[in-house]
Amino acid sequence: MDKPNPVKAAADKAAEKARAAVRQVAGEDGIPGRPAPEPPSLEEPTRPRGPLPPKPDQRGPETRSPTGEPTGVDRAAVAQRGERLTTAQGLRLPDTDHSLKAGARGPVLLQDHHLREKITHFDHERIPERVVHARGAAAHGFFQGYGTAAHLTKAAFLGKGVETPVFVRFSTVLGSRGSSDTVRDTRGFATKFYTGEGVFDLVGNNIPVFFIQDAIKFPDVIHAGKPHPDREIPQAQSAHDTFWDFVSLHTEATHHTLWNMSDRGIPRSYRMMEGFGIHTFRFVNAEGATTLVKFHWKPKLGVHSLVWEEAQLINGADPDFHRRDLADAIEAGAYPQWELGVQVFPDTPEQTFEGIDLLDPTKIVPEELAPVQPIGLLTLDANPSNYFAETEQAAFHPGHLVPGIDVTDDPLLAGRLFSYLDTQITRLGGPNFAQIPVNRPHAPINDMTRDGLHQDAVHRGVAPYHPNSLDGGCPFLAGPEAGGYVEVPVPIAESSKVREAPASFADHFSHPRRFWLSLTPVEQEHVIAAYSFELGKCYENAVKERALRTLAHIDPRLCAEVAKGLGMPAPEPSEPLASVEPSPALSQVGKEWPVAGRVVGIVADAGSDLAGVRALRRAVFDADMVPLVIAPTGGELTDGDGDPVTVQRTFATARSVEFDAVLLAGNPAPGDDAHGARDAKAGDGGRSATDPRVLLLVAEAYRHAKAVGGWADAEEALRAAGITPGGPGVVTGGDPAGVLDEVTRLLARHRVWDRFPATV
């Protein structure tokens with residue numbers, strides 16, 4: 001008899017939970033995005049009623065006391081209460097539109113307590129944004145341990161079948177809170193596990209390496225990447241002189257920079273993004289044996305990216321693209337999932353593996369040398385109910401550990417252990433940030449810390465010190481047998497205090513070269529384009545020339561192609577190129593993945609085959625994807641033979657970047673607003689039988705290597721857009737269901753990469 005597969009069992013359990021929670025969707029025909037849990041009335045409501053419940057897809061933090069005790073209070077009950085408007089002190093108010101004045105035209109009176117309270121609170125609503133990772137999106141969920149790590153670590157939340165609540169925050173690094181989502185940048189992937197042994201924070205990125213090897217350089221790399229201090233531009237990007245000045249002088253940044261210039265720098269979705277713990281950590285099992293590990297998050301939907309022009313268009317059309325995608329997917333019941341895995345290495349005194357220094361955060365261990373072993377499954381199944389209270393106030397810290405997981409001597413990690421705690425104190429108003437609901441542990445807290453800003457607990461006793469007898473000796477210490485956290489007693493070799501790095505840290509080019517050689521030709525083309533664009537935005541030729549010297553040590557072809565784009569000579573490397581083996585696991589291209597949550601645009605008008613549109617929409621839903629109907633105007637399309645078809649986008653409001661595939665239900669005629677004075681995308685209206693905005697829509701989708709097609713007389717529209725029916729990824733036919741089947745197969749590979757042959 002076959003042994004049960006813990007990976008499949010946990011995945012099945014998560015899927016069963018998702019199905020059991022009735023597919024909670026909002027809006028017409030299950031399209032996510034409705035802002036409130038019920039439709040509003042046309043007129044302003046006047047009959048008093050209490051606050052509406054949260055939407056079905058929303059969930060707040062568990063209701064715990066400031067010291068971790070479950071309160072039993074419903075999560076919604078900690079929000080606003082009552083039918084009537086009040087002050088913060090509970091005083092009911094008859095008016096909130098007019099200040100108290102001396103007569104209708106007289107001066108405002110200082111005694112207006114409501115005005116003062118309302119304005120004063122408004123003036124203090126903002127807190128300092130994060131210096132890095134300021135722009136984020138988050139979700140609630142749960143983590144299920146497979147039990148496969150039991151021989152490696154005693155961490156209880158990784159035990160077989162153990163389910164742990166989590167809160168996950170995704171973010172960009174460089175941009176401000178108000179910047180765009182689809183910039184070329186590193187993304188944060190921070191997970192807060194509310195375990196029974198205390199909070200464990202796994203604070204990582206979507207790139208497995210970092211720009212620097214030592215935390216003392218962190219202010220330098222961030223100052224270089226941020227907008228120039230004199231003009232505060234450019235925002236949320238590295239395409240400027242100060243960034244490239246730094247990374248071309250500080251070549252340990254080369255590996256991370258190359259990942260950023262690859263497709264990894266512009267993910268398609270947070271749901272389709274890998275996560276990495278970056279550092280090497282230490283696992284400790286029940287017998288005290290130790291191993292070294294690196295954490296990996298593997299998305300169930302695969303690792304996919306945007307193309308660069310698509311990302312640029314999205315930044316203008318929908319700067320909230322990634323956060324909207326995450327929230328809409330959860331609302332639609334397409335719960336994102338990632339498998340947590342670890343690469344495992346012997347804990348030797350040298351802390352190296354196959355010649356790779358495990359304490360160097362600028363290097364990876366190829367998965368072919370150390371396979372990623374799955375140890376648990378993460379599922380995100382609820383959106384936050386309040387962005388500020390949860391996503392903005394969530395406080396992560398790599399020093400939030402649990403028994404069985406310890407840190408190593410990675411010099412970058414050492415600085416993070418100080419910096420994260422320090423920044424939370426500044427951002428969140430003092431040392432009691434752990435008492436904010438989203439940060440409250442799900443374990444008993446007896447820490448003997450007292451007072452301070454925002455102290456919500458009402459502590460008792462007279463002896464917040466240890467040892468004591470006046471409080472009966474409580475709290476008592478906990479040894480390992482009682483779940484106490486004990487740092488691994490790692491021997492430290494005799495040494496001297498120095499400001500140096502080990503010799504192994506001096507290799508800055510072999511790992512970037514492996515990454516480059518591991519990419520497919522189309523991915524290499526994108527890297528060349530990214531370097532050409534970014535360096536082309538720099539002003540100083542010296543900076544560009546220095547950057548080309550770095551590229552020469554990665555690959556001569558890469559350097560030559562970028563130099564050609566810059567109109568500069570390609571330098572020769574000053575040392576022999578590293579001899580390395582490619583790692584196929586580093587490429588994003590070549591596999592097939594689930595299509596859950598993909599968005600299919602269906603273009604139709606009053607003359608289209610609406611019976612086919614109805615059937616196609618149902619089939620898209622049944623495939624766990626989201627259909628959006630695009631028509632000349634809003635409202636509904638009717639033909640008298642069936643239910644009206646609700647329109648979600650118009651030719652004026654739709655843009656190709658919203659969709660993973662575009663299908664035409666025929667050849668839509670120009671709409672009444674198809675002229676430049678009304679909609680610039682229409683140009684002068686032209687003389688085509690097809691609406692010019694539809695031609696732009698499918699042409700862009702085709703150019704971005706997306707599947708396009710249709711039925712009925714759609715081929716006429718495709719040809720008018722310059723697209724050859726039957727070409728790569730162009731699906732046409734008389735049966736909408738057959739067209740969708742082929743498009744779904746194409747979507748499983750993310751894009752039609754063979755549409756544009758690579759030259760490298």
Side-chain angles (χ1 to χ4, degrees), residues 61-73 78 127-128 153-157 164-167 190-203 281-282 284 286 288 389-390 393-408 413-490:
E62 282 194 24
T63 51
R64 300 260 171 171
S65 75
T67 54
E69 184 68 17
T71 65
V73 176
V78 298
I127 62 175
T153 175
K154 59 186 176 183
F157 78 98
T164 302
V166 299
F167 187 74
T191 307
K192 186 176 290 293
F193 298 84
Y194 302 97
T195 87
E197 298 178 296
V199 167
F200 171 58
D201 285 345
L202 181 53
V203 193
F281 290 82
R282 182 174 275 111
V284 188
E390 300 170 78
Q393 291 196 120
F396 298 91
H397 176 29
H400 292 163
L401 302 165
V402 292
I405 304 177
D406 202 352
V407 300
T408 58
L413 177 57
R416 294 180 72 197
L417 293 172
F418 171 81
S419 179
Y420 279 70
L421 178 61
D422 188 48
T423 196
Q424 306 303 354
I425 292 173
T426 297
R427 287 192 63 248
L428 300 174
N432 291 311
F433 62 85
Q435 295 183 17
I436 296 171
V438 72
N439 297 321
R440 288 179 182 175
H442 293 190
I445 304 299
N446 198 341
D447 55 11
M448 292 196 303
T449 57
R450 293 293 184 267
D451 308 336
L453 285 173
H454 308 147
Q455 174 61 260
D456 290 338
V458 184
H459 294 297
R460 296 189 298 274
V462 297
Y465 51 84
H466 188 276
N468 75 75
S469 63
L470 294 180
D471 280 348
C474 185
F476 296 89
L477 299 177
E481 71 287 348
Y485 185 89
V486 180
E487 286 79 3
V488 176
V490 180

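Note that the structure is a prediction, hence the values are computed from the model and not measured. This chain uses plain numbering: 1 for the first residue, then up along the sequence.
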What is the distance from atom CG of Asn432 to atom CD of Gln424, rounded to the nearest 0.5 Å?
13.5 Å

In Å and rounded to the nearest 0.5 Å, what is the CD to OG1 distance from Glu197 to Thr164?
9.5 Å

Side-chain touch Val407/Pro398, heavy atoms, less than 4.5 angstrom:
no

Return the minimal non-hydrogen interatomic distance between Thr153 and Ala155, and the atom names on each side.
OG1-N, 3.0 Å

Can you tell me how far apart CD1 (Ile436) and CG (Asp456) are? Round to the nearest 0.5 Å.
8.5 Å

Leu417 side, atom CG; Asp422 side, atom CG - distance, nearest 0.5 Å:
12.5 Å

Is it the case that the side chain of Thr71 and the backbone of Thr63 share a donor-acceptor pair, with hydrogens and angles ignored and the cut-off at 3.5 Å?
yes

Would a 4.5 Å heavy-atom cut-off, applied to side chains only, mark Pro61 and Glu390 as touching?
yes

Between Asp406 and Glu487 (side chain of the first, backbone of the second, donor and acceptor by atom type, cut-off under 3.5 Å), is there such a pair?
no

Backbone of Arg64 reached by a side-chain donor or acceptor of Arg440 within 3.5 Å
yes

How close do Lys192 and Val438 get, heavy atom to heavy atom, and via which atoms?
CD-O, 3.8 Å

Euclidean distance, Asp201 CG relative to Phe193 CZ, rounded to 0.5 Å
9.0 Å

Note: Asn468 and Asp471 closest approach over all heavy atoms is OD1-N, 3.1 Å

Please check if the side chain of Arg416 supplies one atom and the backbone of Val203 the other of a donor-acceptor pair under 3.5 Å.
yes

For residues Asn439 and Gln393, report the shortest heavy-atom separation together with the two atoms involved.
ND2-O, 3.0 Å

Show every ring-ring contact (aromatic ring centres under 6.0 Å, His included) that has at least one partner inside residues 469-489, sequence neighbours left out.
none

Just say parallel, tilted or perpendicular for the rings of Phe396 and Phe167, cut-offs at 30° and 60°.
parallel

Qualifying ring-ring contact (aromatic ring centres under 6.0 Å, His included) pairs, either residue in residues 417-447, two or more places apart
Tyr194-His442

Can any side-chain N or O of Asp447 pair as donor or acceptor with the backbone N or O of Thr449 at less than 3.5 Å?
yes

d(Thr426 OG1, Ile127 CD1) to nearest 0.5 Å is 11.0 Å

For Ile405 and Phe200, the nearest pair of non-hydrogen atoms, with its separation, is CD1-CZ, 3.7 Å

Evaluate side chain to side chain contact (heavy atoms under 4.5 Å, CB included) for Asn446 paired with Thr67, printing each intermediate quantity in order.
CA-CA 7 Å; Asn446 198 341; Thr67 54; over 6 Å; no

Can you name the closest pair of heavy atoms from Pro66 and Gln435 and give their distance?
CB-OE1, 3.7 Å

Any non-hydrogen side-chain atom of Val78 less than 4.5 Å from a side-chain atom of Pro437?
no

Are the side chain of Ser469 and the backbone N or O of Gly472 linked by a donor-acceptor pair below 3.5 Å?
no

